[in-house]
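Letters go in sequence order (proteins before strands), and every chain restarts at 1.
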Amino acid sequence: MNRPVQYLFDLTLVLTRKEIQVRYKNNVLGYLWSVLQPLSFALVYFIAFKIFMRVQMENYTLYLLTGMFPWQWFANSVNEASGTFISNAPIIKKINFPRNLLVAANIIKDAIHFILCIPVIMLFCFIYDSPISITWLYGIPILLVLQTVMIYGLSLLISTLNLFFRDLERIVTILVTFLFFLTPIVYNYEMVPEKYRQLLALNPMAFLMTSWRSLFLSGQMDWKAILITLVWSVILYGLGQMIYKKLVWRFAEVL
Amino acid sequence: MNKTVIKCTAVHKNFPMYHYFRGGIKNLLLHFPAAVKSIRKKKFTVLKDISFEVSVGETIGVIGKNGAGKSTILGLLAGVLKPSSGQVTVVGRIAPLLELGAGFHPELSGRENILLNGILLGMLKREVEEKRDAIIEFSELEEFIDQPIRTYSSGMLARLGFSVAVHCDPDILLVDEVLAVGDQDFQEKCIEKMRIFKQEQKTIVFVSHNRDEILKVCDRVIWIDQGIVYREGPVDQVINEYIEY
């Protein structure tokens with residue numbers, strides 16, 4: 001590898017490793033938190049929707065679980081994005097290095113956590129007697145890449161804009177919660193009244209979540225949903241890159 | 001041999017006043033027209049017209065009052081800021097010596113931070129690993145190197161930072177009044193290292209308020225005041241004027 005490429009690779013690697021190390025220092029349960037967090041959310045929604053509201057859906061537990069893992073990945077990454085550049089202010093003000101790698105490192109860290117959660121999903125599929133399909137072998141990588149690209153674009157956009165409008169941080173937290181309830185996670189796609197279903201395409205996460213669902217629960221690739229997700233990933237990636245490129249040289253001025 | 005490695009030509013730098021933006025979206029929306037106008041019009045000029053050149057192997061001191069724009073100049077040289085007009089040309093690899101622990105993560109050990117910081121300063125992972133022992137030795141922090149650096153004193157942080165920066169073999173070293181916190185021994189060691197740097201024909205830009213340090217290492221001094229190069233010349237001459245001023 002020539003030097004610039006090797007350098008970008010090393011920088012990404014070391015920054016990612018730093019994120020992972022920092023997260024687990026002083027943390028007794030370490031990796032378990034990546035699993036425990038989605039699990040505990042799933043439990044609470046199970047109590048609220050299945051036990052109290054008695055939602056009529058078969059296999060609701062597994063349904064919730066397969067949704068919570070990819071969703072928590074999205075929510076954690078996007079919520080953290082606001083602080084990425086701000087918390088690295090000292091180095092951004094002094095050193096000229098590709099700042100977007102700070103965002104990339106965060107995303108890669110979260111993607112690794114998600115990958116480590118896949119065996120847990122498999123375990124639950126096994127417990128609930130849901131078959132693990134051979135399509136997972138290529139389905140998971142495809143969706144993983146789409147979600148990574150989407151989150152990267154979105155995070156780059158948020159972390160950049162948040163330097164200039166610090167209120168964005170609060171808005172993002174609220175929007176992520178909105179998005180959670182506007183995405184088929186605790187309910188399924190078919191429960192959405194037909195006249196609103198088209199509108200779901202306006203939510204970048206909606207069809208990504210239904211794609212994960214059909215992959216995990218029935219081993220099927222929902223190509224139409226994947227196509228919509230692809231379009232969103234490309235749009236968000238492009239938008240994030242564009243805004244970042246435009247504003248990056250001002251970072252040191254506003255920090 | 002008198003190759004110019006740093007060249008600033010009529011550099012002007014102003015910062016927009018992010019007054020309305022800083023107030024967040026509420027203020028921005030409530031005062032939108034005023035906000036746009038203020039961004040366009042209200043600028044805070046730090047550097048008006050700065051021109052200077054530095055040749056290879058030279059050690060140049062930058063002096064001036066607090067807020068005169070010394071750090072802005074270093075920012076422009078490091079490439080983290082862009083001049084509003086004028087030109088800044090830098091030839092060669094540049095390493096800024098970071099202020100206390102910037103670029104370090106408090107929870108990571110000294111050893112882990114050496115890698116992080118070395119990479120940020122432009123070294124490859126392999127290169128940092130090769131030099132790690134030398135870095136630790138120079139910093140004299142062997143006993144503490146596996147402790148998280150939040151337990152380090154400010155002097156220890158300065159030691160570690162300086163050690164990493166000088167070992168990453170830059171062509172140009174930017175030093176921004178960071179030596180003040182180290183103890184006497186270490187300060188002398190740093191000055192010594194800078195002398196060696198000079199012998200190796202490396203360029204140093206040195207910002208300091210410490211007259212003695214400047215006298216010890218610099219060949220030439222640039223005195224920044226009111227956004228312009230107020231005086232420029234041999235070190236003893238300018239320093240004396242500065243002291244009297």
Colleague: Only pairs at least two apart or in different chains count here, so list each side chain to side chain donor-acceptor pair (under 3.5 Å) that has a residue in residues 7-19 of chain A.
Modeller: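 Listed by first then second residue: A:Gln6-A:Asp10.
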Colleague: May I ask you to establish whether A:Lys246 and A:Tyr244 are in a cation-pi arrangement, using a distance under 6.0 Å from NZ or CZ to the six-membered ring centre and at most 45° from the ring axis?
Modeller: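 Output no; distance or angle outside limits.
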Colleague: Looking at B:Phe197 versus B:His167, is the centre-to-centre ring distance below 6.0 Å?
Modeller: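 Aromatic pair excluded; centres sit 6.0 Å or further apart.
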Colleague: Tell me if a side-chain donor or acceptor on B:Lys7 pairs with a main-chain N or O of B:Val90 at a distance below 3.5 Å.
Modeller: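 No, because the side chain of B:Lys7 does not come within donor-acceptor range (under 3.5 Å) of the backbone of B:Val90.
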Colleague: So which of B:Ala78, B:Gly122, B:Gly75 has the biggest tally of heavy-atom pairs under 4.5 Å with chain A?
Modeller: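 It is B:Gly122.
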Colleague: Is the distance between the ring centroids of A:Phe180 and A:Tyr45 under 6.0 Å?
Modeller: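 Yes: the rings meet the under 6.0 Å criterion.
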Colleague: Tell me the closest heavy-atom pair linking B:Gln226 and B:Lys48, and the distance in Å.
Modeller: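 Nearest pair, atom of B:Gln226 first, then B:Lys48: O-NZ, 3.3 Å.
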Colleague: Non-hydrogen contacts under 4.5 angstrom with chain B: give the residues of residues 97-104 of chain A involved, or none if there are none.
Modeller: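 Result: A:Phe97, A:Arg99.
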Colleague: Quick check on the interface: out of A:Val14, A:Leu13, A:Val248, who has the most heavy-atom pairs with chain B under 4.5 Å?
Modeller: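 If we count pairs closer than 4.5 Å to chain B, A:Val14 comes out on top.
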Colleague: Using modelled atom types only, decide if a donor and an acceptor are shared between the side chain of B:Asp171 and the backbone of B:Gly92 within a distance under 3.5 Å.
Modeller: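 Absent.
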